[in-house]
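Values in this document were obtained by computation on a predicted structure and should not be read as measured data.
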Amino acid sequence: MSKAANTDIRREETSLNLPNSITVLRILLIPVFVWLYLENTPEDIFWAGLVFSIAAFTDFLDGYFARRSGQITNLGKLLDPVADKLLVASGLILLVQAQQVAVWLAIVMIARELIVTGARAVAANEGFIVPADSLGKFKVVGQIGGILCLIFQGAWPEAQVLLSSIGIILLYMALVLSLVSGWRYLTLIFKKISPQYW
């Protein structure tokens, strides 16, 4: 392969194409969500939930456009899960502050994300990318759904008990999926990095 072709591939994998731009938008929406939620009025909490929903929906959009246009890049594979983790972590931290989520639950979930992200960075440094698996995607859906229910209960007091119950159940389901998928990621990564120990 020619030097020019290699340069084109590197440029394609690092360029801010449409899917990657959508991922960056998700990251930029996080401080907007935090600011609205901290205003702590039912109206602002509603808008915070709406912004959180839009940010979460961009996770579907960037993947859809990446697959449809064939613009699946290493940058996107690394940036997309980081954006997901930042969004979920910000939601969990705010809900802990509002005493709607147990501290230990948020710590376990966030710690899992940090460990897996660190392991994926090591894998990337070794020359291979670990894509998101199906359990990880279901885990994100559970986290997003649970966080949204707990956010919107502040905007709709009449449905507070129902939304709180659904939100907590979804988060506990997401916790189980989080631990299982985290273990799968770590075993896959360490099998590639240190195959002699497996």
Side-chain angles (χ1 to χ4, degrees), residues 7-39 44-95 106 109-110 112-125 127-152 155 167 170-171 174 177-178 181-182 184-185 189:
T7 302
D8 290 339
I9 291 175
R10 285 196 297 270
R11 185 181 299 116
E12 178 186 352
E13 295 208 337
T14 57
S15 63
L16 203 60
N17 54 33
L18 177 60
N20 292 343
S21 298
I22 294 173
T23 304
V24 171
L25 173 63
R26 180 154 74 257
I27 296 173
L28 295 177
L29 286 174
I30 293 173
V32 179
F33 155 67
V34 172
W35 173 70
L36 287 169
Y37 188 86
L38 291 177
E39 289 297 298
D44 287 321
I45 290 175
F46 170 80
W47 285 108
L50 189 60
V51 170
F52 190 93
S53 300
I54 294 170
F57 183 66
T58 63
D59 185 31
F60 163 77
L61 283 181
D62 58 15
Y64 171 77
F65 284 119
R67 290 186 296 270
R68 183 177 180 182
S69 62
Q71 294 180 312
I72 300 175
T73 64
N74 285 342
L75 176 63
K77 290 177 183 178
L78 290 172
L79 198 59
D80 181 62
V82 169
D84 292 339
K85 290 166 177 52
L86 288 173
L87 181 64
V88 168
S90 63
L92 289 173
I93 291 170
L94 290 176
L95 291 173
M109 282 191 172
I110 293 172
R112 180 269 187 200
E113 305 300 348
L114 292 175
I115 292 169
V116 170
T117 300
R120 290 174 78 149
V122 171
N125 190 53
F128 63 93
I129 301 296
V130 181
D133 69 358
S134 57
L135 276 185
K137 287 295 183 181
F138 285 124
K139 177 263 300 181
V140 171
V141 170
Q143 288 175 330
I144 296 296
I147 290 170
L148 275 175
C149 285
L150 294 174
I151 289 172
F152 280 124
L170 287 174
L171 285 181
L177 293 174
S178 177
S181 63
R184 286 173 55 169
Y185 277 127
I189 290 168

If you look at every heavy atom in [X] and [Y], which pair is closest and at what distance?
X	Y	result
A106	L92	CB-CB, 4.2 Å
C149	L170	SG-CD1, 4.5 Å
I147	G91	CG2-CA, 4.2 Å
I45	A155	CG2-N, 4.0 Å
K139	S181	CE-OG, 4.5 Å
G142	A174	C-CB, 3.8 Å

First locate atom [atom1] of [X], then atom [atom2] of [Y], and finally report the distance between them rounded to the nearest 0.5 Å.
X	Y	atom1	atom2	value
L135	F138	CG	CZ	8.0 Å
S178	R112	OG	CZ	4.0 Å
I27	I22	CD1	CD1	13.0 Å
I151	W47	CD1	CH2	14.5 Å

Within the 4.5 Å heavy-atom criterion, are [X] and [Y] side-chain neighbours or not?
X	Y	result
I144	D84	no
F52	L87	yes
S53	F152	yes
L94	V34	yes
Y185	I115	no

Go through L150 and L171 one step at a time and tell me if the side-chain contact (heavy atoms from CB on, under 4.5 Å) criterion holds. CA-CA 10 Å; L150 294 174; L171 285 181; 3.7 Å; yes

Go through it in stages, so that I can follow the logic: the residues are I110 and I93, the test is side-chain contact (heavy atoms from CB on, under 4.5 Å), and I'd like the CA-CA distance, side-chain angles, deciding distance and then a yes or no. CA-CA 9 Å; I110 293 172; I93 291 170; 4.0 Å; yes

side-chain contact (heavy atoms from CB on, under 4.5 Å) for F57 and R26? Distances and angles first, verdict last. CA-CA 9 Å; F57 183 66; R26 180 154 74 257; over 6 Å; no

Between L36 and F46, is a side-chain contact (heavy atoms from CB on, under 4.5 Å) present by the stated rule, with each step listed? CA-CA 9 Å; L36 287 169; F46 170 80; over 6 Å; no

